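Let me begin by presenting the structure, written as structure tokens, before commenting on it.
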Amino acid sequence: MTPDQVSVPVLPAQVPGRVPEPGPVREPGPGPGSASDREPGLVQAPASVQGGGVPCTVPPAPPASPALAVPPILADPAVRPAPEPVPPPRPRTAPVGTVRFVVLGDSLSEGVGDRVDGAWRGWAPLLADGLAAEGQDTAFLNLAVSGALSGDVADRQAPRALAFRPHLASVVVGVNDTLRRTFDIGVLARHLGRVCADLDSAGAVLLTACLPDPGRMLGLPPPLARPLARRQRSVNAVVHALSARYGAVHLHLADDSWTEDRTLWSADRLHPGERGHRAVAEGFHRLLADRGLAHGARPAREPAQPPPSRAEAVFRLATAGTGWLLRRSHDLLPQLLLLAGAEVRHWADGTGTDPLDARADAALAAALAATMGR
């Protein structure tokens, strides 16, 4: 069974950073959103909130399982793995008692870009507020940490998520992996495959999303942007495949038609602002409601907080953007310059990007074959 689909505004990529060992479960505290400033927290969400929704386009559901759109990197039949018969996921029904919702991932799910009362909030608490029916409670655990890689999610966050016994589990991660010189699509596929399989076996409904590449969001020149775009397309292809296998509620956050909507972004161009986080929450709520898994009010469409002042926006851009650049310059930047050199050489000798695309396609096909048994 393939995942539901929805088109929502594109959101910026996450800021990489150091990922600490998660500590005891507690309420999120104030801080700028780095891994050292906040520990995952368990909170009780109210049964419902007031508000409307952000307009989204939801394709009509066909009588049979809808086909998942093929990512561009797999559009060529020569590189697309042979289809695998996928058994339908086990039926999931809305819980009778407390709805248990766990969130795994990085700064996007941590809520960076949406500050409320000195702490990051983000899309996940907004969604949690609208899950439970009247008279129900929602137990909400956010394990997401800025800078998390797929390996951190698999090794550190997933065991705590399984111990939480969730009904719903969000797994959105991968952009930080693309920003590492050690990027390996096969390793990422194994990490995400293990997390999704374990959560599905535990009875959780998975929430997933594909994401835009950071090179485009940062406006990098083509020789620098193309290698990052190639990596992110591969990550999204793996996410699509796993979402189809496990019948995930999947949100398409890589829609090019929304990339120019600056009102969705925070000043750093890497994270959504409050409006963008609300769009993500509303998109997931719409899909869950279609499955009978969300019974509260949709997250409100319009921001409830005043927008940051110009001085605040400039300060965040300078501090967050500079910090990101310094961290990446010690890890990705030297390799990215080499990759950019390869791009230029292939264009100069007339081969274009075909050899580099073919290499990425082959690595992706091998990763899918190993992870999906294809």
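In what follows, residues are counted from 1 in the order of the sequence shown. Side chains are part of it too, since the values below use all heavy atoms of this structure and drop only hydrogens, waters and symmetry mates. Please read all numbers here as calculations on a predicted model, not as lab measurements.
- Residues that satisfy the side chain to side chain contact (heavy atoms under 4.5 Å, CB included) test with D184, not counting sequence neighbours, are V187.
- Looking at heavy atoms from C-beta onward, V173 lies out of side-chain contact with V195 at the 4.5 angstrom threshold.
- A cation-pi contact, defined as under 6.0 Å to the ring centre and within 45° of the axis, is absent between R278 and W123.
- No side-chain heavy atom of L211 sits less than 4.5 Å from a side-chain heavy atom of V235.
- Taking the side chain as every heavy atom from C-beta outward, D213 and T178 never approach each other to under 4.5 Å.
- Within the 3.5 Å criterion, the main-chain N or O of L149 finds no donor-acceptor partner in the side chain of N176.
- The main-chain N or O of L206 is never found under 3.5 Å from a side-chain atom of H250 such that the two would form a donor-acceptor pair.
- Annotation: side chain of L127 is in contact with side chain of F101 (closest heavy-atom distance under 4.5 Å).
- Two residues are said to be in side-chain contact when any heavy atoms from C-beta on lie closer than 4.5 Å; H277 and L108 meet this criterion.
- A heavy-atom distance below 4.5 Å is not found between the side chains of T371 and V238.
- Applying the side chain to side chain contact (heavy atoms under 4.5 Å, CB included) criterion to T353, with sequence neighbours excluded, gives R226, R230, E343, W347, D357.
- Side-chain atoms of H191 and V153, non-hydrogen and from C-beta on, never get closer than 4.5 Å to each other.
- Considering only heavy atoms from C-beta on, R291 comes within 4.5 Å of V205 through its side chain.
- Residue S146 comes nearest to S107 through the heavy atom pair OG-CB, 3.4 Å, listed as atom of the first residue, atom of the second, then distance.
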